[in-house]
Every structure is written in structure tokens, then in C-alpha cells.
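To keep things clear, I will list the structure first and then write my remarks on it.
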Amino acid sequence: MPRIIIIGGGISGLATAYFLRREAPGLDLLLVEGELQLGGTMGSEMVDGFVFERGPNGFLDNVQHTLELAREIGLGERLRVASPSMNNRYIFKNGKLHLLPNSPLAFFRSPILSLRGRLRVLFEPFQPAAPEGVEDSVASFGRRRIGEEAVRALLDPLVTGIHAGDVERLSLPSAFPRIAELEANYGSLVKGMIRLRRERKARQRAEGKSAPESSPEKEPEKSPENAPGPAGPGGRFWSFAGGLEELVEMLKAKLGERVRLRWKAASVRREGSGFRIEDPGGAKEAADGVVLALPSYRAASLFASSDPETARALEAIPYAPIAAVCMGFPRQAVRHSLDGFGLLVPRDQGLRLLGSIWVSSIFPEHAPPDMVSLRCMIGGARDPDALNLSDGNLQEIILDELRPILGIEGPPAPVRIFRYSRGIPQYNLGHRQRIERIERRLWNLPGIFLTGNAFYGISINDCVKEAWRKARAIKEFFRK
Ligand SMILES: Cc1cc2nc3c(=O)[nH]c(=O)nc-3n(C[C@H](O)[C@H](O)[C@H](O)COP(=O)(O)OP(=O)(O)OC[C@H]3O[C@@H](n4cnc5c(N)ncnc54)[C@H](O)[C@@H]3O)c2cc1C
């Protein structure tokens with residue numbers, strides 16, 4: 001019976017192990033996780049009745065990968081969808097919050113852009129597509145299609161909210177592949193979206209369906225393989241009654257004895273037709289196949305002595321640091337109605353705060369009654385030095401900036417700060433070439449499989465989809 005070791009117990013490793021167990025019950029599986037707890041950046045802390053998320057806050061249903069997995073493992077009853085007010089998103093500009101317009105008419109009336117800036121956006125369908133073979137940054141794409149002002153006021157904060165990255169450096173086709181495809185296929189985002197909506201409606205009519213694509217009533221896809229990857233906000237936002245920790249715990253329960261905690265892999269090298277994995281103390285594990293479900297820089301360290309070229313290729317993926325400051329307040333201490341998902345701050349507004357998510361408005365169960373829960377992000381590619389600040393300083397900066405915007409009085413309690421010095425992998429210009437280089441190196445090591453958010457998509461949905469694809473690939477590999 002071939003033995004597979006999965007290194008890394010974040011959502012990528014957990015989902016890969018779960019799908020492998022389901023798809024190939026004949027394989028001998030072991031998942032090793034360096035820490036005492038599973039989940040990696042995904043997980044929740046319960047503090048005085050608040051559910052504070054360590055990393056991700058939820059997942060979208062524009063594709064069904066995570067939703068389908070949650071239902072399959074028995075978490076259907078525990079799923080919670082964000083309250084409808086989450087469609088309100090605010091942008092901070094010139095000292096005030098402005099509702100992000102969600103219809104063409106609202107856009108035209110919105111003061112987020114000057115009249116000239118709005119007219120420029122309206123000319124989007126008439127702009128040229130990217131020249132053949134040119135890799136656009138998110139900013140160069142935006143400048144061409146909707147103009148400089150919209151890049152600064154809209155694209156920059158929206159992209160920061162997902163990637164904590166720099167729009168000048170992020171690669172459009174790698175970070176937002178569906179948007180790049182829309183332009184390539186239809187010559188314009190507006191034309192593409194209109195065409196896609198028409199096609200979807202026609203399909204629904206033909207199939208006698210009336211439910212919208214993102215409805216949970218929609219039959220989950222039979223397999224995530226052929227579904228398009230997510231490219232940004234879209235669909236509804238989901239979590240669980242007790243936070244995302246529930247997904248981690250249920251996957252852990254399903255894997256049972258196949259999980260080993262506090263076993264940190266220090267090196268992987270070829271041995272015979274398989275591999276030898278060692279921990280820092282020299283304890284060894286043998287495997288016929290190895291899944292690397294790790295941040296790329298951690299995967300790199302496993303090859304540092306056995307294959308420095310592969311280590312260098314893996315190390316080349318940059319990361320942005322990020323800190324999440326989670327705070328509770330009595331409801332009456334916050335003047336703003338908090339009627340939305342939260343707020344985002346464009347870089348040119350001079351704040352260090354990147355954005356604030358109004359958790360208790362999105363998932364009311366995640367805060368005690370009469371309390372509100374705010375989660376603020378700071379750092380990112382824009383402000384990496386923020387991660388050098390003490391907890392006290394981080395909290396002070398955020399509160400100084402947030403108090404006048406939301407009308408907050410009094411101190412927060414409780415507070416939890418989660419820091420990631422290498423938090424979010426950056427799919428910067430050249431990402432595809434970096435991935436190809438890594439894949440070419442790994443062709444020399446058949447039996448090693450790569451997954452995780454550094455490579456094929458950063459969202460939870462992307463990680464679950466890739467886990468499924470890798471489980472299928474491993475099954476095929478060992479069938480031969
Ligand atoms: C602050 C923040 C907010 C986010 N918000 C969202 C969101 O709202 N929605 C969304 O879809 N996505 C979000 N994301 C992205 C999403 O959380 C991640 O892409 C996803 O959780 C990554 O999972 P992973 O398993 O690939 O990696 P990780 O979670 O990094 O897991 C890797 C695991 O490997 C273990 N490990 C490392 N080295 C070793 C070793 N040598 N031996 C053994 N084990 C090892 C680690 O301890 C860890 O458990 C967010 C990310 C961050 C940081």
C-alpha cells in the first residue's frame with residue numbers, strides 16, 4: 001500500500017488529506033503539522049462571547065468548493081450566510097465614508113469619483129485590450145480600462161482588501177484570472193459581464209431553473225474540477241456558527257489517527273524510489289509520495305540542502321505582512337450604524353488602516369448581544385513596517401484613525417491581535433513564470449505534489465479546489 005505524507009495542516013493540507021481518503025481509500029495517509037493546532041492561518045478564538053478569526057473571515061459561494069465540502073462532511077446545519085446588509089461596502093475618501101455604488105445609476109450619482117473620473121469609467125467598453133503577450137499589472141490594466149482616478153479610488157482599496165498587495169506589482173492574469181479572461185474574450189469588462197449574464201439567464205431558462213448562480217439552493221457541482229476559479233468579490237459570504245474553526249475541527253475528526261501534530265518537517269530527500277522526511281531532531285519518516293501543503297518559503301527550506309535550485313525557485317514567491325486587530329465594543333459606544341461589510345481605505349487617503357470588517361454585522365452570532373465586533377487590517381505590501389510595531393502601538397494607531405470615522409467612544413474590550421510577517425503570498429508580475437520554474441524543478445522529483453495558497457489561488461475556495469485536483473492527481477499517479 002503506497003504511503004503518502006502530507007506536510008502542513010492548513011486548509012490545503014486538510015482538504016487534500018480528506019479528498020485523498022475519499023478518492024483513494026487504499027493509500028496509507030499521514031498528515032504532519034508542525035504546530036500544536038491544525039488550520040494554519042484558518043481558525044477561530046472564542047473570547048468573552050466573541051468569535052475572533054485568526055486569518056480568513058469566511059468564503060464566497062461564487063464557486064461552490066468550500067460550501068460543498070462543508071455540507072459533505074456534515075456541517076450543513078452549522079453554515080451561516082452573511083446578512084444581506086453585507087452588500088454595503090464603504091470607501092473612505094476626503095474624511096468621509098462613501099457607499100460603494102452597486103448599480104450604474106448609483107455609480108453615476110456617487111461622489112467617490114469626480115465627474116470626469118466617472119465619465120472615463122463609462123468609456124470602458126471603448127478602450128483597447130492588452131497587447132498580445134503583455135502581462136498587465138492590476139494598475140496598468142485599470143488605467144487602460146477605467147482611468148487613473150478609478151484605479152486610485154476603487155481598484156487600489158478593493159485589491160488591498162483581498163491581496164493586501166500593491167496594484168502596481170500584482171499581476172492581473174495571476175491574481176484575477178477571470179477578469180483578464182473577460183477582457184481577452186469580450187474586449188471589455190462591461191460587454192463581457194452583459195454577455196455572461198445573458199448566457200447564464202438563457203441557460204437557466206433552458207434548464208428550467210430560476211435560482212441565481214450563487215444561490216445555496218443550487219445543486220452543488222458534482223466535482224469542482226471544471227469550475228472557474230474565483231477572481232474577487234462575488235456571491236455570498238459564508239462561515240459557521242462558531243467560526244471557520246468548525247471546518248478545521250470537522251476535517252480533523254474525519255482524518256482521525258492520520259493526523260500527527262507537532263511534527264515539523266525539516267528536510268525531504270529522495271531515498272530509493274520514495275522519499276525520506278526528517279524532523280529537526282533527526283526522526284525519519286519514509287513515504288512513496290509527499291504533498292507539500294506549506295507556504296512556499298517553508299517548502300523551500302525542506303530542499304535547502306538536498307536541492308538548492310528547487311529551494312530558490314520556491315523562495316522566489318514574495319509575501320505581504322499583515323496584522324488583524326480584532327476588537328469588541330459595546331453597541332452604544334459606536335455611533336455609526338455599521339450597516340455593511342465594512343470599509344476600505346485607498347492608499348492616497350494617508351491612513352495606515354487598510355480596512356475594517358464589521359464582523360458583528362456580517363455574522364451577528366460572532367459577538368454577544370449589544371456588542372459589536374470590528375476587525376481591522378494593517379500592514380500589507382503598502383506598509384510592511386507596521387508589523388514592527390508593538391501590540392499597544394498597533395491598537396493605538398488603528399483606534400486614532402477609526403474613532404473619528406465610526407464615532408467610537410471608550411476603549412475596546414476584548415482585543416486580540418493576529419500577526420503574520422509573511423501573511424499573504426503576492427502573485428506579482430512574473431508569477432506564472434515562477435510557478436512554471438517550480439513545476440519544472442519538481443518534474444525531477446516524481447511523487448512530490450505541490451499545493452497551498454502560494455501557487456494556484458489565494459482564497460479558501462482556491463485551496464479546496466486545488467486540494468481536490470491534487471488528490472485526483474495522486475490517485476492517478478499511484479494507480480499506474
Ligand atoms: C489575515 C488573513 C485574512 C484572510 N482572509 C481570507 C478570507 O476572508 N477569505 C478567504 O477565502 N481567504 C482569506 N485568506 C487566505 C486564506 O486564509 C489562506 O489562503 C488559506 O487559509 C491558506 O491555507 P494553506 O493551507 O494553503 O496555508 P496555511 O494556512 O499557511 O497552512 C500551512 C500549514 O503548514 C504548517 N507548516 C509549516 N511548516 C511546516 C513544516 N515544516 N512541517 C509541518 N507543518 C508545517 C503550518 O503550521 C500551517 O498549519 C486570508 C489570509 C490571511 C493571512
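All values below come from the heavy atoms of this structure, side chains included, with hydrogens, waters and symmetry mates left out. Order of listing sets the numbers, starting from 1, for every ligand and every atom in it. Just so you know, residue 1 is the first one in the sequence shown, and it goes up from there.
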Item to check | Salt-bridge criterion met for Asp383 and Arg352 (N-O under 4.0 Å) | outcome: yes
Item to check | CZ (Arg22) with more than 12 external heavy atoms under 6.0 Å | outcome: yes
Item to check | Electrostatic pair Lys254:Glu72 at N-O distance under 4.0 angstrom | outcome: no
Item to check | cation_pi(Arg270, Phe275) dist<6.0 Å, angle<=45 | outcome: yes
Checklist entry - Short N/O distance, under 3.5 Å, between Phe59 and ligand 1? => result no
Next on the checklist: Test your reading of the structure: does Ile11 have an N or O sitting under 3.5 Å from an N or O of ligand 1?
Outcome noted: yes
Next on the checklist: Over 60° means perpendicular and under 30° means parallel, so tell me whether Tyr297 and Tyr319 are parallel, tilted or perpendicular.
Outcome noted: perpendicular
Checklist entry - Strictly under 4.0 Å, does any heavy atom of Met377 approach an atom of ligand 1? => result yes
Item to check | Any Trp263 heavy atom less than 4.0 Å from ligand 1 | outcome: yes
Next on the checklist: Check for me whether Ala454 has a heavy atom closer than 4.0 Å to any atom of ligand 1.
Outcome noted: no
Item to check | Arg375/Glu53 salt bridge by N-O under 4.0 Å criterion | outcome: no
Checklist entry - In the protein, which heavy atom is nearest to atom 13 (C) of ligand 1, and how far is it? => result Pro56 CB, 3.5 Å
Next on the checklist: Is it the case that ligand 1 has an N or O less than 3.5 angstrom from some N or O of Arg375?
Outcome noted: no
Checklist outcome for this item: Residue, atom and distance of the protein heavy atom nearest atom 9 (N) of ligand 1 read Gly58 O, 2.8 Å
Next on the checklist: Would Ala324 count as a contact residue for ligand 1, given that I'm defining contact as a non-hydrogen atom of the residue lying under 4.0 Å from a ligand atom?
Outcome noted: no
Next on the checklist: So if I apply the ring pair (Phe, Tyr, Trp, His ring centres under 6.0 Å) rule between Phe341 and each of Phe363, Tyr90, Phe237, Trp358, which one comes out positive?
Outcome noted: Phe237
Checklist outcome for this item: protein heavy-atom neighbour closest to atom 47 (O) of ligand 1 works out as Glu33 OE2, 2.6 Å
Next on the checklist: So, regarding Ile458 and ligand 1 (criterion: nitrogen or oxygen to nitrogen or oxygen, under 3.5 Å), is there a contact or not?
Outcome noted: yes
Checklist outcome for this item: When distances are taken from atom 42 (N) of ligand 1, the protein heavy atom at minimum range is Ala265 N, 3.0 Å
